[in-house]
Every structure is written in structure tokens, then in C-alpha cells.
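What follows is a set of notes on a single structure, which appears directly below.
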Protein chains: 2
Amino acid sequence: MLKRDCPIEKTLNLITGKWKSVIIFQLFEHQKCRFSELQRLIPECSKRMLALQLKELEKANIIQKNIILTSPAKTEYSLTPYGQTLEPVIKSIDTWGKQQKN
Amino acid sequence: MLKRDCPIEKTLNLITGKWKSVIIFQLFEHQKCRFSELQRLIPECSKRMLALQLKELEKANIIQKNIILTSPAKTEYSLTPYGQTLEPVIKSIDTWGKQQKN
DNA sequence: CAGCATCCGATCGGATACTG
DNA sequence: CAGTATCCGATCGGATGCTG
């Protein structure tokens, strides 16, 4: 899947991909998010894409899913310790974006 | 083109897109690069994509092109002052990637 | 509620060939 | 040398409907 075996691409492959960075950012801000909560927070992302992106992030061990066995079932997503190490990277990207005029 | 109007997405839109981050990284390392030099440095990127990505980076004012009017013409790409402000972001991404085991 | 399966048009991107 | 043009298969991603 890697376009090129270099640190830049390796990192970007984890956090880009349509909605991953936004999901990660929301999880930094909210700690835990329900699936429906993420839908509400990121309305531009379709349900299908949200599920796909969450799955990939979970597979990459960046986020983890807690299933709450009520009926109907609920879920809670949160960053793994590994995912939390991305904080300086995400913050750096966010900070730069905020510094730009438009 | 923006998927979502937030700093994270705005920044990532500039530096992702198949090969942009790698091109930017190479220009940080080499200062100036010829088109053919970039082809050699990033062999996984087709000539077509390289031209497209360079064009988009130039349009976003991240890189600039100097045309040397010999025959045949040569070009030299380099980062603009604006593009250079991306250094902490790129470095942050690169550093994180290097810290990971595999 | 939290997904998965399918369909299908839109976009991507490689291969190839051509130009000043 | 540094691109551009065209073709075309592969992939993406939205819409919709179904499931436990």
C-alpha cells in the first residue's frame, strides 16, 4: 500500500485517507466518541466512509473500539497509546493551518 | 476541493496528494532540483504525475520554477518562502515516522 | 445503533506517444 | 529536457437498502 518506503509517506499514509486526520483530531479533543457522535461531528463524511476509515485506523492500531453490549449495541472509539503519540504531529499540522490567512 | 474547512484538512490538502510531501521533502534536502533530478530521486512517481504534482504545488505557491533558457530548456524547482514555513510540519511528520519500528 | 453489501458514476493514474 | 495529450483499466466513494 505504501507508495514509497520513507518516513514521510509512512506517517502520512496513516493519518490521511479522506477522513482519518479529522477523526484523530476529534478523538484528541473528545477522548471518546460514539459512532453516531462522529457522524454528527463530521457530517461531510458519509456513514460508509466513516466506517471504512475507522476500520483502517483500528487495524493500524491508532484507535480502539469498545463495544457496549446494550440493545441495540453501542460503540465507543478512542485513541490507543500508540495513536496518542501522533499528537505532536497532528498539533503541528493544525497549528500551521491556523497560522495561514485563508 | 477542500473536504472540510478546518486547519488540519487545509494543511494536509497542500502536502498530500500522491507525491507532494516527498517532493517537498526532497526540495528541503536539495534546495534546488531539476525536473529530471526529481524523476531520479522519486522513481516510483511517473513523469505524468510528477508534472501534475509540481504544477499543483506551484499553483499553491509552495514551490517556484525557474526556467533556464538553454536549448533544450531546463528547469529548476525550489521552495518559496511560504513553502519553507512548512518545514516544522514536514520535520514533525518525518521524525514521527523514523521513531516507529516498522 | 452501528455497521455491511451492492451498485455504479466519477475520478485517478499508468502507459504510451507526441512537442518545442 | 521538460513537459502535454489521449486512452483506458483500476480504484474511489456516494446512495441505497439490509442486518443483528
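Convention: sequence-line order gives letters A, B, ...; per-chain numbering from 1.
Put simply, CE on A:Met49 is 16 Å from P on C:dT11, counting in whole angstrom units. The nearest whole Å value for the distance from the CD1 atom in A:Ile67 to the P atom in D:dG20 is 16 Å. Across the protein-nucleic acid pair, B:Lys18 atom NZ and C:dG13 atom P stand 5 Å apart, rounded to whole Å. Atoms CZ (B:Arg48) and P (C:dC12) sit 10 Å apart, rounded to a whole Å. Put simply, CD on A:Glu76 is 17 Å from C1' on C:dG3, counting in whole angstrom units. Going from atom CD of B:Glu44 over to atom P of C:dG14 covers 11 Å, rounded to whole Å. With rounding to whole Å, B:Lys20 atom NZ is found 10 Å from C:dG13 atom P. One atom, CG of A:Leu52, and another, C1' of D:dG13, lie 9 Å apart when rounded to the nearest Å.
Put simply, the side chain of B:Ile62 reaches to within 4.5 Å of the side chain of B:Ile24, judged on heavy atoms. In this structure the side chain of A:Leu54 reaches within 4.5 angstrom of the side chain of A:Phe35, judged on heavy atoms.
OP1 or OP2 of C:dG3 has not a single side-chain nitrogen or oxygen of A:Lys55 nearer than 4.0 Å. Contact between the side-chain N/O atoms of A:Tyr77 and the OP1/OP2 oxygens of C:dG3 is found at a separation under 4.0 Å. Side-chain N/O atoms of B:Thr75 include one lying less than 4.0 angstrom from OP1 or OP2 on D:dA2. Considering only side-chain N and O atoms, B:Ser46 lies under 4.0 angstrom from the phosphate OP1 or OP2 of C:dG14. Contact annotation: A:Lys65 does not reach the phosphate of C:dA2 (side-chain N/O to OP1 or OP2, under 4.0 Å).
Applying a 4.0 Å cut-off to non-hydrogen atoms, the residues of residues 27-43 of chain B that approach DNA chain D are B:Arg34, B:Phe35, B:Ser36, listed by residue number.
Checking C:dC1, C:dC4, D:dT4 against every side-chain atom of B:Ala51, the shortest atom distance belongs to D:dT4.
For B:Lys91, the NZ atom sits in a packed shell: over 12 heavy atoms of surrounding residues, nucleotides or ligands are nearer than 6.0 Å.
Under the 3.5 Å distance criterion, the side-chain polar atoms of B:Gln100 are matched with a main-chain donor or acceptor of B:Trp96.
The shortest non-hydrogen separation linking A:Gln64 to A:Leu79 is NE2-O, 3.3 Å.
Inspection of the B:Gln31 and B:Ser78 side chains reveals no N or O donor paired with an N or O acceptor under 3.5 Å.
Ion pairing between A:Glu76 and A:Arg34 fails under the 4.0 Å rule for side-chain N and carboxylate O.
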